[in-house]
Amino acid sequence: MDVIIPISILLILFVIGTPVAFCIFCSTLTYFLMSHQPMVILIQRLAGGLESVTLLAIPFFIMAGVFMNHTGISERLLKFCEVLTGHMNGGLAQVNVALSTLMGGLSGSNIADAAMNSKLLVPQMVARGYSASFSAAVTAAGSLITPIIPPGIAMIIYGYVNNVSIGRLFLAGVVPGTMLCILMMILVSIISKKRGYLPIREKRASCKEVIVSAKDAVLALLLPIIIIGGIRMGVFTPTEAGAVAVIYALILGMFIYRNMDAKKLWLATRESALGAANVLLIICVAVAFSKFLTWERVPQALASWMTTVVDSPIAFLMLVNVALLVLGMFLEGNAIMIVLAPLLAPIAHSYGIDPIHFGIVFIFNGAIGTITPPLGTVMFTTCSITEVPIEKFIKDVLPFWGLLLLELVLLTYIPTITTWLPNLVYGVAQ
């Protein structure tokens, strides 16, 4: 096949540290040059990769999350989390996990969440006696709740490339995300008790304190409810929901909290544009890459091989998990999703695996890869901001890896965890 040299170039560029988008583009360009395809087709494929109204949801939700940060909503949510979890062992670490869960419904990006908490909470944790490496590990691991809490950017991308209901994917992530938050808080409590990390409150908050602290946070907490409710009731599409989220964030920042002035608006818009461009560039080149794989019948060859080697959905899911965990050590999660999900999703369907269930499993696999050496993006983001050496980070993140793998096994082999809520709200898919 004509794909051996392009794939080899792709792997070499990954190994030497070339940015993901350029790795995929160079590999795709090599294929077109070798196969003597007209360059106009490559340009059409690159442009065609972004010709979808659905993809507008990505810059909208990124912008909404950035606007929320610039309005001071993260500080309001932080105070609310302190009231809820500050009495537990490792109180500030518990706040870190809870804040990631709540902010996941606003930012939609695990890297953005990890960067925010690295700047906001890690210095406070270190000042209160937590080790810097443990603080960084909690921050990175907690950010992995974000991709499976609606409205995760990964869910929008997966729904787009596989023609799966984004509304169902949003709902499918609620139970797994909540479950991961609870399990992570239990693990943090156990570790904190052993290390002597104390609560930040002497006793559990009263109902009155919770209600008072919730007043500042309630408007932000309503956003995910508005988004999911609006999509389910048919008021707006997922793309329109992103636009609604931006308008909602602007109203909060400029007219209710009044923290968003013209300068902050410009800075937030610029940050949003850069963040969206990074994601959309990967999508653009990855769609072209997947197109030449289709021309070379790689999906059909892969499907034929897997159905020959694997004879049950249990074994297929195990094989997929292992492959994605290994690939996640080297590749960016969105790139893996855009290239491999269209190849694997039809095979999963042939085994009778629910597409929503498979989507959440796929997305969570990609999330785990972001804190896995040698090239985990969240790992590098967290360590660079906190200035924690990679080897110390790895030592403290090991228990969280174990927990994440436990969650992955549960999601993989208990489909009800992901399908119960979408089926309850939308009805069982036909």
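Numbers here are sequence positions counted from 1. If you're wondering where the values come from, they're calculated on a predicted model, not measured in any experiment.
The 12-atom threshold is not exceeded at CZ of F22, counting heavy atoms of other residues, nucleotides or ligands nearer than 6.0 Å. Residue L319 places its CG atom among more than 12 non-hydrogen atoms of other residues, nucleotides or ligands, all under 6.0 Å distant.
Of the possible donor and acceptor atoms, one in the side chain of S350 sits under 3.5 Å from a partner among the backbone N and O of I347. A donor-acceptor pair is defined here as one N or O able to donate and one able to accept, closer than 3.5 Å; no such pair exists between the side chain of S27 and the backbone of I24. Proximity of a side-chain donor or acceptor of H357 to a complementary backbone N or O of T412 within less than 3.5 Å is detected. In this structure, the side chain of W401 engages the main chain of I371 through a donor-acceptor pair within 3.5 Å.
Atom-to-atom distance recorded for M179:CE and M184:CE is 11.0 Å, nearest 0.5 angstrom. One finds the SG atom of C26 at 10.5 Å from the CG atom of L33 (value rounded to the nearest 0.5 Å). Annotation: the span from K264 atom NZ to T269 atom OG1 amounts to 13.5 Å, rounded to 0.5 Å. Between the CE atom of M254 and the CZ atom of F67 there is a distance of 9.0 Å, given to the nearest 0.5 Å. Here L99 contributes atom CG and S143 contributes atom OG; the two are 11.5 Å apart, rounded to the nearest 0.5 Å.
Within the 4.5 Å cutoff, no side-chain heavy atoms of V188 are placed close to those of M88. Side-chain atoms of C284 and L280, non-hydrogen and from C-beta on, never get closer than 4.5 Å to each other. Proximity of F32 to I41: side-chain heavy atoms (C-beta onward) are separated by under 4.5 Å at one or more points. Side-chain contact between T372 and M379: absent, with no pair of heavy atoms (C-beta onward) separated by less than 4.5 Å. Inter-residue side-chain proximity for L180 and L404 is flagged as met; some heavy-atom pair is nearer than 4.5 Å. Under the 4.5 Å side-chain criterion, counting only non-hydrogen atoms from C-beta, F400 is not in contact with L144. Proximity of F60 to V244: side-chain heavy atoms (C-beta onward) are nowhere separated by under 4.5 Å. Between L344 and F358, the closest side-chain pair of non-hydrogen atoms falls below 4.5 Å.
Taking all atoms of both residues into account, the shortest heavy-atom contact from P6 to M34 is CD-SD, 4.1 Å. Between F170 and P150 the shortest heavy-atom distance is O-CG, 3.3 Å. A345 approaches Y158 most closely through the heavy-atom pair CB-OH, 4.0 Å. Across all their heavy atoms, I166 and M155 have their closest contact at CG1-O, 4.4 Å. Of all non-hydrogen atoms in S165 and I356, the two that sit nearest each other are O-CD1, 4.1 Å. Closest heavy-atom contact between S100 and T146: O-OG1, 3.7 Å.
Every ring-ring contact (aromatic ring centres under 6.0 Å, His included) that Y130 has, sequence neighbours left out, goes to Y197. Among residues two or more places apart in sequence or in another chain, the side-chain hydrogen bond (donor to acceptor under 3.5 Å, both in side chains) test is passed with T30 by none.
If you run side chain to side chain contact (heavy atoms under 4.5 Å, CB included) between Y248 and each of V246, I251, L250, L252, only L252 comes through.
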For this session: Begin from the C-alpha positions of V388 and T382 and carry the test side-chain contact (heavy atoms from CB on, under 4.5 Å) through to its verdict.
Result: CA-CA 8 Å; V388 171; T382 306; over 6 Å; no
Problem set entry | Audit row: M185, C181, side-chain contact (heavy atoms from CB on, under 4.5 Å) steps and yes/no | CA-CA 6 Å; M185 292 178 79; C181 173; 3.8 Å; yes
For this session: For the pair L187 and L183, evaluate side-chain contact (heavy atoms from CB on, under 4.5 Å) and give the outcome as yes or no after the intermediate values.
Result: CA-CA 6 Å; L187 177 60; L183 291 174; over 6 Å; no
Exercise. Does the pair S135 and T386 meet the rule for a side-chain contact (heavy atoms from CB on, under 4.5 Å), with working shown?
Worked result: CA-CA 9 Å; S135 304; T386 61; over 6 Å; no
Only pairs under 3.5 Å count here: list side-chain donor-acceptor contacts from residues 415-422, not counting sequence neighbours, and write none if there are none.
from : atom 1 : to   : atom 2 : distance (Å)
T418 : OG1    : P415 : O      : 2.9
T419 : OG1    : P415 : O      : 3.0

